[in-house]
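By convention here, the first residue in the shown sequence is residue 1. Just so it is clear, the values below take in all heavy atoms, side chains as well, and ignore hydrogens, waters and symmetry mates. Atoms within a ligand are numbered from 1 in the order they appear, just like the ligands themselves.
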Amino acid sequence: IQGNFDWDEYLQETDAVAAPESCFKQATTPPDNDFEINQKIEARDPRNLTSICVATVIGKIGPRLRLRLDGSDSKNDFWRLVDSSDLHPIGYCEKIGELLMPPLGFCKNPSSWPSFLQKTLNGAAVAPDHCFKKEPPLPKSNEFKVGMKLEAVDRKNPQLICPATVGSINKDQIHVTFDGWRGAFDYWTRYDSRDIFPVGWCAKSGHSLQPPGQKAGPIQVKGKVKEPSLSVPIPSPGSQSGTPRSSVTSNPSSPNLHPETPISP
Ligand code: MLZ
């Protein structure tokens, strides 16, 4: 599942270091995924964080779940780790004295919610308690350094985890820059985000890891950013396969120099 991508080789080629595991809010041993497709759970609505909703497990990759809120359309699926504090067994809301809410954008008439809820749960498979794992502890502070490598969820293609580099740091935020993609997928996130993982996490957890992209980084010409005319891989020294170079630019403090180049799926 790792394709031909080898972190040890890549770290040598790029002369980079992996961010230490202690930087991340992730379990040292990735949790088992005991969920099964079609099981129902309760999940925080990612588009309305005050609501807890019924969700169905639509897919799984390694310790991650693809979830769909019942009564929502198929365009708002989202991914969560099995040790996310956003997930609970069916019955959790009742236990804490709260109400299960319709998802934002509930596809039916709001007045039909109570009967919809009853129908959606009637006879449904529910995920047992042991599937829900305890959230890992939070690192005390942002210990990332510019240039460190990591594995990160591509938020535009959230089923993918890809090799990335810390491009810059601002207080509790890090700029996640995807290697070989010219900035089109980069984002800022908190150091304790659940979307970032130490190097080797995919291999350990049975999740696939995308190889770095093949787009060269921006080229600096007279203070302007010029895109290379062809998106051919730039071979790195000692590599016949043309491993793309790191996306770290000489000016990591100006992440907005990267044009948001749309890349077709
Ligand atoms: N459909 C896209 C996926 C790009 C994934 C990039 N991840 C950082 C493409 O292949 O162009």
Student: For ligand 1, which atoms have a heavy atom of Cys162 less than 4.0 angstrom away?
Tutor: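 That gives atoms 7 (N), 8 (C) of ligand 1.
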
Student: Between Leu67 and Trp79, is there shared hydrophobic-cluster membership here, with clusters defined by ILVMFWY side-chain heavy atoms closer than 4.5 Å?
Tutor: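 No, because Leu67 and Trp79 fall into different hydrophobic clusters, even though each may have its own neighbours under 4.5 Å.
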
Student: Only heavy atoms of Phe178, strictly under 4.0 Å: list the atoms of ligand 1 that pass.
Tutor: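 The atoms of ligand 1 under 4.0 Å from a heavy atom of Phe178 are 8 (C).
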
Student: Which residue is it: His207, Glu151, Lys204? I am looking for the one with a side chain to side chain contact (heavy atoms under 4.5 Å, CB included) to Phe197.
Tutor: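 It is Glu151; the other options fail the test.
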
Student: If you measure every N/O of Asn157 against every N/O of ligand 1, is any gap under 3.5 Å?
Tutor: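 There is no such contact.
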
Student: Taking only residues two or more places apart in sequence, or in another chain, which ones meet Phe35 in a ring-ring contact (aromatic ring centres under 6.0 Å, His included)?
Tutor: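 If we apply the ring-ring contact (aromatic ring centres under 6.0 Å, His included) test to Phe35, skipping adjacent residues, the hits are Phe132.
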
Student: Let me confirm one number: the CG-CD1 distance from Asp192 to Ile174, rounded to the nearest 0.5 Å.
Tutor: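 Result: 10.0 Å between the selected atoms.
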
